[in-house]
Trainee: 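Starting off with a structure, shown below.
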2 protein chains.
Amino acid sequence: MGGPEIERLIALLARLPGLGPRSARRAALKMLGEPHRHMLPLAAALTEAARAVRPCRRCCNLDSADPCTICADPARDQGLICVVESVADLWALERAAVHRGTYHVLGGVLSALGGVGPEDLSLPALQARIAEGGVQEVILALSATVDGASTAHYLADRLQGSGVALTRLAQGVPMGGALEVLDDGTLAAALRARRPA
Amino acid sequence: MGGPEIERLIALLARLPGLGPRSARRAALKMLGEPHRHMLPLAAALTEAARAVRPCRRCCNLDSADPCTICADPARDQGLICVVESVADLWALERAAVHRGTYHVLGGVLSALGGVGPEDLSLPALQARIAEGGVQEVILALSATVDGASTAHYLADRLQGSGVALTRLAQGVPMGGALEVLDDGTLAAALRARRPA
(Lines give C-alpha, C1' and ligand atoms only; values in the text may rest on other atoms or scores of the structure.)
Protein backbone atom coordinates (compact mmCIF):
# COMPACT_ATOMS: atom_id res chain seq x y z
CA MET A 1 0.00 0.00 0.00
CA GLY A 2 1.62 3.21 -1.15
CA GLY A 3 4.95 1.73 -2.19
CA PRO A 4 8.03 0.34 -0.41
CA GLU A 5 8.98 3.66 1.24
CA ILE A 6 5.75 3.79 3.26
CA GLU A 7 5.92 0.09 4.13
CA ARG A 8 9.49 0.39 5.37
CA LEU A 9 8.61 3.43 7.47
CA ILE A 10 5.65 1.62 9.07
CA ALA A 11 7.75 -1.49 9.77
CA LEU A 12 10.42 0.58 11.57
CA LEU A 13 7.87 2.63 13.52
CA ALA A 14 6.11 -0.57 14.62
CA ARG A 15 9.34 -1.68 16.35
CA LEU A 16 9.16 1.23 18.79
CA PRO A 17 7.92 0.23 22.26
CA GLY A 18 4.33 1.37 22.68
CA LEU A 19 3.55 1.33 18.95
CA GLY A 20 1.95 -1.71 17.34
CA PRO A 21 1.27 -2.11 13.60
CA ARG A 22 -1.98 -0.18 13.90
CA SER A 23 -0.58 2.86 15.67
CA ALA A 24 2.52 2.74 13.45
CA ARG A 25 0.21 3.14 10.44
CA ARG A 26 -1.57 6.06 12.12
CA ALA A 27 1.75 7.69 12.99
CA ALA A 28 3.08 7.23 9.45
CA LEU A 29 -0.08 8.70 7.92
CA LYS A 30 -0.03 11.68 10.26
CA MET A 31 3.59 12.42 9.37
CA LEU A 32 3.08 11.88 5.63
CA GLY A 33 0.46 14.62 5.82
CA GLU A 34 3.04 17.15 7.01
CA PRO A 35 6.49 15.94 5.92
CA HIS A 36 8.30 19.22 6.43
CA ARG A 37 6.79 19.96 9.82
CA HIS A 38 7.32 16.50 11.27
CA MET A 39 9.13 13.83 9.23
CA LEU A 40 12.24 15.73 8.28
CA PRO A 41 12.71 17.28 11.76
CA LEU A 42 12.32 13.81 13.31
CA ALA A 43 14.80 12.34 10.83
CA ALA A 44 17.27 15.11 11.70
CA ALA A 45 16.74 14.63 15.45
CA LEU A 46 17.35 10.87 15.14
CA THR A 47 20.53 11.36 13.13
CA GLU A 48 21.80 14.05 15.48
CA ALA A 49 21.06 12.03 18.62
CA ALA A 50 22.68 8.90 17.14
CA ARG A 51 25.79 10.98 16.36
CA ALA A 52 26.04 12.94 19.61
CA VAL A 53 24.78 10.70 22.42
CA ARG A 54 27.27 8.36 24.11
CA PRO A 55 27.47 6.59 27.49
CA CYS A 56 29.26 8.76 30.06
CA ARG A 57 32.67 7.18 30.67
CA ARG A 58 32.29 7.89 34.37
CA CYS A 59 28.73 6.82 35.26
CA CYS A 60 27.39 5.20 32.01
CA ASN A 61 24.50 7.71 31.76
CA LEU A 62 23.53 8.57 28.17
CA ASP A 63 24.37 12.17 27.26
CA SER A 64 25.75 14.24 24.43
CA ALA A 65 28.42 15.49 26.84
CA ASP A 66 31.12 13.19 28.28
CA PRO A 67 31.43 13.27 31.26
CA CYS A 68 27.67 13.70 31.36
CA THR A 69 25.84 16.84 32.52
CA ILE A 70 25.25 15.33 35.96
CA CYS A 71 28.85 14.15 36.54
CA ALA A 72 30.14 17.55 35.37
CA ASP A 73 27.76 19.56 37.57
CA PRO A 74 29.75 21.12 40.46
CA ALA A 75 26.50 21.52 42.41
CA ARG A 76 26.01 17.73 42.63
CA ASP A 77 27.56 15.87 45.53
CA GLN A 78 30.27 13.70 43.97
CA GLY A 79 30.63 11.79 47.23
CA LEU A 80 27.07 10.40 47.00
CA ILE A 81 26.49 7.82 44.24
CA CYS A 82 23.05 6.42 43.46
CA VAL A 83 23.35 3.06 41.68
CA VAL A 84 20.51 2.38 39.22
CA GLU A 85 19.81 -0.40 36.74
CA SER A 86 19.12 1.74 33.70
CA VAL A 87 19.08 5.25 32.28
CA ALA A 88 15.27 5.04 32.46
CA ASP A 89 15.54 4.73 36.26
CA LEU A 90 18.01 7.63 36.37
CA TRP A 91 15.54 9.77 34.40
CA ALA A 92 12.73 8.83 36.81
CA LEU A 93 14.81 9.96 39.80
CA GLU A 94 15.84 13.17 38.02
CA ARG A 95 12.20 13.99 37.19
CA ALA A 96 11.36 13.56 40.86
CA ALA A 97 14.35 15.85 41.65
CA VAL A 98 15.02 13.98 44.89
CA HIS A 99 18.71 13.05 44.55
CA ARG A 100 21.43 15.68 44.96
CA GLY A 101 24.39 13.37 44.27
CA THR A 102 25.57 11.58 41.12
CA TYR A 103 24.57 8.26 39.58
CA HIS A 104 26.05 5.02 38.39
CA VAL A 105 24.12 3.13 35.70
CA LEU A 106 24.74 -0.62 36.05
CA GLY A 107 23.26 -1.50 32.69
CA GLY A 108 21.01 -4.24 34.11
CA VAL A 109 20.72 -6.58 37.06
CA LEU A 110 22.19 -10.02 37.60
CA SER A 111 19.87 -12.67 36.19
CA ALA A 112 20.58 -16.36 36.07
CA LEU A 113 17.60 -16.93 33.75
CA GLY A 114 18.43 -13.95 31.55
CA GLY A 115 22.09 -14.95 31.37
CA VAL A 116 23.30 -11.66 32.88
CA GLY A 117 26.47 -12.06 34.94
CA PRO A 118 28.66 -9.54 36.82
CA GLU A 119 30.83 -9.09 33.70
CA ASP A 120 27.79 -7.63 31.88
CA LEU A 121 27.40 -4.80 34.40
CA SER A 122 29.47 -1.63 34.79
CA LEU A 123 30.84 -2.76 38.13
CA PRO A 124 34.58 -2.12 37.42
CA ALA A 125 33.79 1.54 36.63
CA LEU A 126 31.93 1.87 39.96
CA GLN A 127 34.81 0.26 41.86
CA ALA A 128 37.26 2.58 40.10
CA ARG A 129 35.20 5.62 41.17
CA ILE A 130 35.25 4.42 44.77
CA ALA A 131 38.98 3.64 44.62
CA GLU A 132 39.65 7.25 43.55
CA GLY A 133 38.44 8.27 47.01
CA GLY A 134 35.99 10.94 48.12
CA VAL A 135 32.89 8.70 47.97
CA GLN A 136 31.03 8.65 51.28
CA GLU A 137 27.82 6.81 50.41
CA VAL A 138 26.54 4.46 47.71
CA ILE A 139 22.73 4.19 47.50
CA LEU A 140 21.55 0.96 45.90
CA ALA A 141 18.36 2.06 44.07
CA LEU A 142 17.56 -1.26 42.39
CA SER A 143 14.17 -2.74 41.60
CA ALA A 144 12.39 -4.57 44.41
CA THR A 145 12.48 -7.81 42.43
CA VAL A 146 14.31 -11.08 43.05
CA ASP A 147 17.00 -10.14 40.53
CA GLY A 148 17.26 -6.60 41.92
CA ALA A 149 17.63 -7.91 45.45
CA SER A 150 20.28 -10.48 44.52
CA THR A 151 22.19 -7.80 42.60
CA ALA A 152 22.06 -5.56 45.68
CA HIS A 153 23.43 -8.41 47.79
CA TYR A 154 26.22 -9.05 45.29
CA LEU A 155 27.16 -5.34 45.19
CA ALA A 156 27.11 -5.10 48.99
CA ASP A 157 29.47 -8.07 49.07
CA ARG A 158 31.87 -6.61 46.52
CA LEU A 159 31.93 -3.13 48.02
CA GLN A 160 32.44 -4.34 51.59
CA GLY A 161 35.66 -3.03 53.09
CA SER A 162 35.83 -0.12 50.66
CA GLY A 163 34.96 2.24 53.50
CA VAL A 164 31.80 3.71 51.92
CA ALA A 165 28.39 3.61 53.57
CA LEU A 166 26.02 1.34 51.62
CA THR A 167 22.30 2.11 51.76
CA ARG A 168 19.14 0.94 49.96
CA LEU A 169 15.82 2.56 49.09
CA ALA A 170 13.18 2.06 51.78
CA GLN A 171 10.36 -0.39 51.04
CA GLY A 172 6.79 0.25 52.09
CA VAL A 173 3.38 1.50 51.07
CA PRO A 174 3.60 3.74 47.97
CA MET A 175 2.10 7.25 48.13
CA GLY A 176 -1.61 7.05 47.34
CA GLY A 177 -1.48 3.26 47.64
CA ALA A 178 -4.65 1.67 49.08
CA LEU A 179 -3.73 -1.14 51.45
CA GLU A 180 -6.34 -3.52 50.04
CA VAL A 181 -4.74 -3.59 46.58
CA LEU A 182 -1.13 -4.01 47.76
CA ASP A 183 0.62 -7.36 47.42
CA ASP A 184 1.59 -9.40 50.49
CA GLY A 185 5.32 -8.74 50.07
CA THR A 186 4.84 -4.97 50.18
CA LEU A 187 2.54 -5.21 53.20
CA ALA A 188 5.04 -7.43 55.03
CA ALA A 189 7.93 -5.05 54.26
CA ALA A 190 5.92 -2.00 55.35
CA LEU A 191 4.97 -3.69 58.62
CA ARG A 192 8.52 -4.84 59.35
CA ALA A 193 9.92 -1.35 58.69
CA ARG A 194 7.21 0.44 60.71
CA ARG A 195 8.19 3.70 62.36
CA PRO A 196 6.91 5.82 65.27
CA ALA A 197 3.81 7.76 64.17
CA MET B 1 18.48 15.06 31.03
CA GLY B 2 21.15 13.87 28.62
CA GLY B 3 21.46 17.09 26.67
CA PRO B 4 19.41 18.93 24.04
CA GLU B 5 19.67 16.18 21.39
CA ILE B 6 17.82 13.66 23.57
CA GLU B 7 15.24 16.22 24.68
CA ARG B 8 14.50 17.25 21.11
CA LEU B 9 14.15 13.62 20.03
CA ILE B 10 11.69 12.90 22.86
CA ALA B 11 9.67 16.04 22.11
CA LEU B 12 9.27 15.04 18.45
CA LEU B 13 8.46 11.40 19.25
CA ALA B 14 5.82 12.54 21.78
CA ARG B 15 3.95 14.29 18.94
CA LEU B 16 3.27 10.96 17.20
CA PRO B 17 -0.29 9.72 17.69
CA GLY B 18 -0.28 6.88 20.21
CA LEU B 19 2.89 8.04 21.96
CA GLY B 20 2.70 10.25 25.05
CA PRO B 21 5.69 11.74 26.88
CA ARG B 22 6.20 8.53 28.84
CA SER B 23 6.27 6.17 25.87
CA ALA B 24 8.30 8.71 23.88
CA ARG B 25 10.98 8.49 26.57
CA ARG B 26 10.87 4.68 26.45
CA ALA B 27 11.11 4.72 22.66
CA ALA B 28 14.02 7.18 22.71
CA LEU B 29 15.91 5.10 25.30
CA LYS B 30 15.36 1.90 23.36
CA MET B 31 16.68 3.48 20.18
CA LEU B 32 19.63 5.17 21.92
CA GLY B 33 20.71 1.70 23.01
CA GLU B 34 21.06 0.56 19.42
CA PRO B 35 21.59 3.63 17.22
CA HIS B 36 22.86 1.78 14.16
CA ARG B 37 20.20 -0.90 14.20
CA HIS B 38 17.26 1.43 14.73
CA MET B 39 17.79 5.20 14.84
CA LEU B 40 19.74 5.66 11.63
CA PRO B 41 17.51 3.27 9.60
CA LEU B 42 14.42 5.11 10.89
CA ALA B 43 15.99 8.49 10.07
CA ALA B 44 16.74 7.23 6.55
CA ALA B 45 13.22 5.81 6.12
CA LEU B 46 11.66 9.12 7.22
CA THR B 47 13.83 11.15 4.85
CA GLU B 48 13.18 8.75 1.98
CA ALA B 49 9.41 8.67 2.53
CA ALA B 50 9.24 12.47 2.84
CA ARG B 51 11.11 12.72 -0.47
CA ALA B 52 9.27 10.03 -2.42
CA VAL B 53 5.67 9.98 -1.22
CA ARG B 54 3.16 12.35 -2.88
CA PRO B 55 -0.62 12.44 -3.31
CA CYS B 56 -1.69 10.62 -6.47
CA ARG B 57 -2.79 13.31 -8.94
CA ARG B 58 -5.69 11.08 -9.94
CA CYS B 59 -7.19 9.76 -6.69
CA CYS B 60 -5.24 11.64 -3.92
CA ASN B 61 -3.95 8.37 -2.41
CA LEU B 62 -0.45 8.67 -0.90
CA ASP B 63 2.15 6.70 -2.85
CA SER B 64 5.72 6.95 -4.06
CA ALA B 65 4.38 6.35 -7.60
CA ASP B 66 2.15 8.88 -9.37
CA PRO B 67 -0.40 7.78 -10.55
CA CYS B 68 -0.47 5.52 -7.48
CA THR B 69 -0.03 1.75 -7.54
CA ILE B 70 -3.80 1.20 -7.41
CA CYS B 71 -4.68 3.67 -10.20
CA ALA B 72 -1.91 2.18 -12.37
CA ASP B 73 -2.97 -1.44 -11.77
CA PRO B 74 -4.59 -2.81 -14.96
CA ALA B 75 -6.28 -5.53 -12.88
CA ARG B 76 -8.34 -2.94 -10.97
CA ASP B 77 -11.72 -1.93 -12.37
CA GLN B 78 -11.26 1.74 -13.37
CA GLY B 79 -15.02 2.06 -13.83
CA LEU B 80 -15.71 1.45 -10.13
CA ILE B 81 -14.62 4.25 -7.78
CA CYS B 82 -14.84 3.92 -4.00
CA VAL B 83 -14.92 7.38 -2.36
CA VAL B 84 -13.27 7.46 1.09
CA GLU B 85 -12.51 10.23 3.56
CA SER B 86 -8.86 9.46 4.14
CA VAL B 87 -5.92 7.33 3.14
CA ALA B 88 -6.38 5.52 6.47
CA ASP B 89 -9.82 4.35 5.28
CA LEU B 90 -8.35 3.33 1.91
CA TRP B 91 -5.72 1.25 3.73
CA ALA B 92 -8.42 -0.40 5.86
CA LEU B 93 -10.36 -1.44 2.74
CA GLU B 94 -7.17 -2.67 1.04
CA ARG B 95 -6.25 -4.76 4.08
CA ALA B 96 -9.68 -6.35 3.92
CA ALA B 97 -9.09 -6.93 0.17
CA VAL B 98 -12.78 -6.45 -0.58
CA HIS B 99 -12.73 -3.77 -3.28
CA ARG B 100 -11.65 -4.61 -6.85
CA GLY B 101 -12.02 -1.08 -8.24
CA THR B 102 -10.11 2.16 -7.61
CA TYR B 103 -10.47 4.83 -4.94
CA HIS B 104 -10.95 8.53 -4.55
CA VAL B 105 -9.64 10.11 -1.33
CA LEU B 106 -11.77 13.15 -0.41
CA GLY B 107 -9.35 14.42 2.21
CA GLY B 108 -12.06 14.85 4.84
CA VAL B 109 -15.81 15.30 5.23
CA LEU B 110 -17.88 18.46 5.23
CA SER B 111 -18.08 19.89 8.72
CA ALA B 112 -19.76 23.13 9.66
CA LEU B 113 -18.20 23.00 13.14
CA GLY B 114 -14.75 22.00 11.84
CA GLY B 115 -14.90 24.69 9.13
CA VAL B 116 -14.51 22.15 6.28
CA GLY B 117 -16.32 23.24 3.12
CA PRO B 118 -16.59 21.65 -0.35
CA GLU B 119 -13.54 23.63 -1.51
CA ASP B 120 -11.41 21.73 1.04
CA LEU B 121 -12.25 18.35 -0.51
CA SER B 122 -10.89 16.79 -3.71
CA LEU B 123 -14.27 17.00 -5.41
CA PRO B 124 -13.13 18.66 -8.69
CA ALA B 125 -10.69 15.79 -9.29
CA LEU B 126 -13.52 13.27 -8.77
CA GLN B 127 -15.80 15.16 -11.16
CA ALA B 128 -13.00 15.31 -13.73
CA ARG B 129 -12.54 11.54 -13.50
CA ILE B 130 -16.27 11.02 -14.07
CA ALA B 131 -16.32 13.54 -16.94
CA GLU B 132 -13.56 11.55 -18.70
CA GLY B 133 -16.13 8.76 -19.08
CA GLY B 134 -15.92 5.05 -18.37
CA VAL B 135 -17.06 5.28 -14.74
CA GLN B 136 -20.07 3.05 -14.07
CA GLU B 137 -20.38 3.20 -10.29
CA VAL B 138 -19.29 5.45 -7.43
CA ILE B 139 -19.46 3.85 -3.98
CA LEU B 140 -19.70 6.39 -1.14
CA ALA B 141 -17.76 4.69 1.68
CA LEU B 142 -17.98 7.50 4.23
CA SER B 143 -18.21 7.25 8.00
CA ALA B 144 -21.66 6.62 9.46
CA THR B 145 -21.50 9.94 11.30
CA VAL B 146 -23.56 13.13 10.91
CA ASP B 147 -20.74 14.77 8.91
CA GLY B 148 -20.21 11.62 6.83
CA ALA B 149 -23.91 11.39 6.02
CA SER B 150 -24.21 15.07 5.06
CA THR B 151 -21.12 14.75 2.86
CA ALA B 152 -22.68 11.72 1.15
CA HIS B 153 -25.85 13.74 0.54
CA TYR B 154 -23.83 16.62 -0.88
CA LEU B 155 -21.88 14.29 -3.18
CA ALA B 156 -25.05 12.56 -4.35
CA ASP B 157 -26.44 15.98 -5.19
CA ARG B 158 -23.39 17.10 -7.11
CA LEU B 159 -22.97 13.86 -9.05
CA GLN B 160 -26.64 13.59 -10.02
CA GLY B 161 -27.13 13.61 -13.76
CA SER B 162 -23.57 12.43 -14.41
CA GLY B 163 -24.92 9.04 -15.46
CA VAL B 164 -23.02 6.97 -12.90
CA ALA B 165 -24.69 4.68 -10.37
CA LEU B 166 -24.25 6.02 -6.83
CA THR B 167 -24.20 3.51 -3.98
CA ARG B 168 -23.40 3.55 -0.25
CA LEU B 169 -22.03 1.01 2.19
CA ALA B 170 -24.74 -1.02 3.90
CA GLN B 171 -25.48 -0.26 7.54
CA GLY B 172 -26.29 -2.96 10.03
CA VAL B 173 -24.98 -5.25 12.74
CA PRO B 174 -21.18 -5.62 12.56
CA MET B 175 -19.69 -9.12 12.37
CA GLY B 176 -19.34 -10.52 15.88
CA GLY B 177 -21.46 -7.70 17.24
CA ALA B 178 -23.70 -8.64 20.15
CA LEU B 179 -27.08 -6.95 19.81
CA GLU B 180 -27.22 -5.88 23.45
CA VAL B 181 -24.13 -3.66 23.15
CA LEU B 182 -25.13 -1.97 19.87
CA ASP B 183 -26.36 1.61 19.85
CA ASP B 184 -29.96 2.44 18.95
CA GLY B 185 -29.02 3.98 15.58
CA THR B 186 -27.29 0.81 14.40
CA LEU B 187 -30.19 -1.37 15.59
CA ALA B 188 -32.70 0.88 13.80
CA ALA B 189 -30.67 0.83 10.56
CA ALA B 190 -30.25 -2.95 10.71
CA LEU B 191 -33.96 -3.45 11.26
CA ARG B 192 -34.95 -1.06 8.44
CA ALA B 193 -32.56 -2.78 6.02
CA ARG B 194 -33.63 -6.31 7.02
CA ARG B 195 -33.41 -8.97 4.31
CA PRO B 196 -34.96 -12.39 3.67
CA ALA B 197 -33.25 -15.02 5.86
Side-chain angles (χ1 to χ4, degrees), chain A residues 1-13 15-20 22-33 35-56 61-65 68-70 86-88 90-92 94-95 107, chain B residues 1-13 15-20 22-33 35-56 61-65 68-70 86-88 90-92 94-95 107:
Chain A
M1 256 148 6
E5 292 85 358
I6 296 183
E7 278 170 24
R8 178 156 174 71
L9 176 60
I10 293 174
L12 283 166
L13 285 172
R15 281 168 49 192
L16 292 178
L19 284 184
R22 191 192 184 91
S23 38
R25 285 196 299 268
R26 280 180 56 218
L29 267 182
K30 189 190 166 187
M31 287 196 285
L32 285 165
H36 291 278
R37 238 172 53 81
H38 205 163
M39 293 178 88
L40 296 179
L42 181 54
L46 285 161
T47 309
E48 187 52 24
R51 185 195 62 75
V53 176
R54 294 280 174 277
C56 170
N61 182 21
L62 287 170
D63 201 307
S64 46
C68 74
T69 321
I70 296 172
S86 66
V87 177
L90 184 158
W91 286 3
E94 283 298 288
R95 280 199 302 280
Chain B
M1 258 152 357
E5 292 85 359
I6 296 183
E7 278 169 25
R8 177 156 174 73
L9 176 60
I10 293 175
L12 283 166
L13 286 172
R15 281 168 48 190
L16 293 177
L19 282 185
R22 191 192 183 91
S23 39
R25 285 196 298 268
R26 280 179 57 218
L29 267 183
K30 190 193 165 185
M31 287 196 286
L32 285 165
H36 290 278
R37 238 170 54 79
H38 206 164
M39 293 178 89
L40 296 179
L42 181 54
L46 285 161
T47 309
E48 187 52 24
R51 185 195 63 75
V53 177
R54 294 280 173 277
C56 170
N61 182 21
L62 287 170
D63 201 307
S64 46
C68 74
T69 322
I70 296 172
S86 66
V87 177
L90 184 158
W91 286 4
E94 282 299 287
R95 279 199 301 280

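Keep in mind the model is a prediction, meaning the values are calculated, not measured. Each chain gets a letter, A, B and so on, in the order the sequences are listed, and its residues count up from 1. No hydrogens, no waters, no symmetry mates; every other heavy atom, side chains included, goes into these values.
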Trainee: Quick check for you: among A45(B), S86(B), A28(B), S64(B), which has the greatest number of heavy-atom pairs under 4.5 Å with chain A?
Mentor: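 Going by pairs under 4.5 Å, I would pick S64(B).
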Trainee: With a 6.0 Å cut-off (strictly less than), is the heavy-atom count around CZ of R22(B), excluding the residue itself, greater than 12?
Mentor: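 For R22(B), atom CZ is not crowded (no more than 12 foreign heavy atoms under 6.0 Å).
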Trainee: Among V53(A), L90(A), I70(A), which has the most heavy-atom pairs under 4.5 Å with chain B?
Mentor: V53(A)
Trainee: Heavy-atom pairs under 4.5 Å with chain A are the metric here; pick the option from G2(B), A43(B), A27(B), G20(B) that has the most.
Mentor: G2(B)
Trainee: So, taking the atom named CG in L62(B) and the one named CD in E5(A), what distance separates them when rounded to the nearest 0.5 Å?
Mentor: 12.0 Å
Trainee: Of all of P41(A), G18(A), A44(A), P35(A), which one pairs up most often with chain B through heavy atoms under 4.5 Å apart?
Mentor: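 Sorted descending by pairs with chain B, the first entry is P41(A).
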Trainee: Tell me if the CZ atom of R8(B) is crowded by more than 12 foreign heavy atoms within 6.0 Å.
Mentor: no
Trainee: Tell me the closest heavy-atom pair linking G3(B) and D63(A), and the distance in Å.
Mentor: N-OD1, 3.9 Å
Trainee: Is there a side-chain contact between K30(A) and L16(B) (heavy atoms, below 4.5 Å)?
Mentor: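 No; the side chains remain at least 4.5 Å from each other.
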Trainee: Is it the side chain or the backbone of A52(B) that comes within 4.5 Å of chain A heavy atoms, both, or neither?
Mentor: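 A52(B) touches chain A through side-chain heavy atoms alone.
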Trainee: Between atom CZ of R95(B) and atom CZ of R25(A), what is the distance when rounded to the nearest 0.5 Å?
Mentor: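 R95(B) atom CZ to R25(A) atom CZ measures 3.5 Å (nearest 0.5 Å).
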Trainee: Return the set of residues passing side-chain contact (heavy atoms from CB on, under 4.5 Å) with A11(B) (not counting sequence neighbours), or none when no residue passes.
Mentor: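 So A11(B) forms no side-chain contact (heavy atoms from CB on, under 4.5 Å) with any residue.
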Trainee: So for V87(B), is it side chain, backbone, both, or neither that comes closer than 4.5 Å to the heavy atoms of chain A?
Mentor: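 For V87(B), heavy atoms of backbone and side chain both lie under 4.5 Å from chain A.
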Trainee: Do L42(B) and L42(A) come within less than 4.5 Å of each other through their side chains, counting heavy atoms only?
Mentor: no
Trainee: Are L9(A) and L46(B) packed together at the side-chain level, in the sense that at least one heavy-atom pair is separated by less than 4.5 angstrom?
Mentor: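 With C-beta onward as the side chain, the pair touches.
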Trainee: Write down the atom of M39(B), the atom of A50(A), and the distance for their closest heavy-atom approach.
Mentor: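 Answer, listing the atom of M39(B) first, then A50(A): CE-N, 3.8 Å.
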Trainee: Would you compute the distance between atom CZ of R26(B) and atom CG of L19(A) and round it to the nearest 0.5 angstrom?
Mentor: 10.0 Å
Trainee: Below 4.5 Å, heavy-atom pairs only: which of R15(B), E48(B), H36(B) has the largest tally toward chain A?
Mentor: R15(B)
Trainee: Please rank G33(A), P4(A), C68(A), A49(A) by heavy-atom pairs under 4.5 Å with chain B and give me the top one.
Mentor: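 Looking at each option in turn, the highest pair count goes to A49(A).
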